[in-house]
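A short write-up of the structure that comes next.
Please read these numbers as outputs of a predicted model, since none were measured by experiment. Remember, it's 1-based here, ligands and their atoms both numbered in the order they're listed.
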Amino acid sequence: MLNDFSKQCSESKLSPLCEQLITASKQAFSVNNGNIPKWENALSTIRLQNTGTLNYAAPYLDIDATHIDKDNLESSLKQLMPWRKGPYQIGDLQLDSEWRGDMKWNRVLPHIQSLKGKTVLDVGSGNGYFTYLMSLAGAQMALGIEPFLLFNYQFQAIRTLINNPPHAFVLPLRLEDMPVQPLFDTVFSMGVLYHQKNHMAHLQQLKDILTKDGELVLETLVINKKYGDQIIPKDRYARMRNVWCLPSTDTLHSWLEQTGFSDIKLVDITKTTAEEQRATHWIGDNTQSLKDFLNPNDDNLTIEGLPAPLRATVICRV
Ligand SMILES: C[S@@+](CC[C@H](N)C(=O)[O-])C[C@H]1O[C@@H](n2cnc3c(N)ncnc32)[C@H](O)[C@@H]1O
C-alpha cells in the first residue's frame, strides 16, 4: 500500500511531502504491537479473494466482487473487529458497522464545495469509509490520517478487495505529524476535535495545512447553549475516556474566529440516534453502543448525567 501511495503521491500536489509521510508511516507501522501478526494473517487470507469495483450504494460502500468465499471473508474481516465505521458490502457479504456513516455524509456533502480534482485530507479517518467517499466524490487525492493501527489494517483489508482502487489512502499518522505546508484544498476533521486536549492547537494545525481559500469541514460534539458556553467532563463522557471539551455552537464559532477562519457557517446540528450508532455483530465482544451510554430513564442525558451527544457540522474558509 505504501508503494502505491508513494507513486500516486509523487504525481500529486502532495509531492513535496511524500518522503516525510512515508518515513513517518513506516515508523508507525513498525511499533511492537502484539496484534499485528493476527491482522497480517487476516490480510493475507483476504488477498486470496476476488476483487471488484468500488461504488457508493448508500448506505454501503459497495465492492461488486463475484464468487467470493463469503464465510472465509467474514471470518477474516472479523479478525479485524471492532468495525466502528462503515457500512461496507463486499459481494453478498454485508459488513454492518456500529455507525451508519452514510447518515453523517448526508449531513455534510450538500454543504461543501465540490471535491472534484481537489487534494483532500481526512483527519482521524478511522478505517477510511469517508476517505473513500471523498475520492468517489471526485477528489484527485484523498488522504486519511489515523493513528490507531487497527483502523489502518481495516482500510488495507477493504483496499485489497478493490479492483483498481481509487486515489484514497490512510496513513498511520496524527495531525501533529503532518508537515506544515498549505497544500490541501479541503480538510475534514470529523469526530476528532473533542478528543484533543488542546482544541485551539488542533484548529490552528488544520488552518496551517489548508491552501489559500481552502475549506475546513469540522464535525464535532457540541452542547445546547442552555448548558452554558462549554462543558469540560470531569471523568467520562458517554463512557468515552478522552473527551476534553464540549463547546456550545457560539463557543465553537468564536474558537474558529480566533484561529483566523472566516465565512463560518453552521450547516447542521443533529442529535445522535440509535439508528446511527448501534451494536452490530461486527463490533466484537464488547457489545455496548449508544443506548448503553445514555441514561436509561432520560435519553437527553448520558449515563454520567451530561447532555446526550449532539453533533454540529461547521464549514469555514481560510
Ligand atoms: C470518533 S473517531 C471519528 C472517525 C471519523 N472521522 C468519523 O467522523 O466517523 C475519531 C478518530 O480520530 C482519531 N484521532 C484522534 N486524535 C487524532 C489526531 N490528533 N490526529 C489524527 N487522528 C486522530 C482517533 O484515533 C479516531 O479514530
Handout entry: Check ion pair R107-E276 (N to O, under 4.0 angstrom)
Key = yes
Requested in this report: Before accepting this row, confirm whether a basic side-chain N of the pair D96/R278 lies closer than 4.0 Å to the acidic partner's carboxylate O.
Outcome: yes
>> Between K78 and E74, does any NZ, NE, NH1 or NH2 come within less than 4.0 Å of an OD or OE carboxylate oxygen?
In response: yes
- Item | Backbone of K104 reached by a side-chain donor or acceptor of R311 within 3.5 Å | no
**Message:** With no hydrogens and no angle check, just 3.5 Å: does a side-chain donor-acceptor pair link T270 and D268?
**Reply:** yes
List of N/O pairs, ligand 1 versus protein, all under 3.5 Å?
unit_1: ligand 1; atom_1: 6 (N); unit_2: G124; atom_2: O; d: 2.7
unit_1: ligand 1; atom_1: 6 (N); unit_2: M190; atom_2: O; d: 2.8
unit_1: ligand 1; atom_1: 8 (O); unit_2: K104; atom_2: NZ; d: 2.5
unit_1: ligand 1; atom_1: 8 (O); unit_2: M190; atom_2: O; d: 3.1
unit_1: ligand 1; atom_1: 9 (O); unit_2: K85; atom_2: NZ; d: 2.9
unit_1: ligand 1; atom_1: 9 (O); unit_2: K104; atom_2: NZ; d: 3.4
unit_1: ligand 1; atom_1: 16 (N); unit_2: Q196; atom_2: NE2; d: 3.1
unit_1: ligand 1; atom_1: 19 (N); unit_2: E176; atom_2: OE1; d: 2.9
unit_1: ligand 1; atom_1: 19 (N); unit_2: E176; atom_2: OE2; d: 3.4
unit_1: ligand 1; atom_1: 19 (N); unit_2: Q196; atom_2: OE1; d: 3.3
unit_1: ligand 1; atom_1: 20 (N); unit_2: L175; atom_2: N; d: 2.9
unit_1: ligand 1; atom_1: 25 (O); unit_2: E146; atom_2: OE2; d: 2.7
unit_1: ligand 1; atom_1: 27 (O); unit_2: E146; atom_2: OE1; d: 2.6
unit_1: ligand 1; atom_1: 27 (O); unit_2: E146; atom_2: OE2; d: 3.1

Across all chains, not counting sequence neighbours, the salt bridge (Lys or Arg N to Asp or Glu O under 4.0 Å) partners of K26 are none
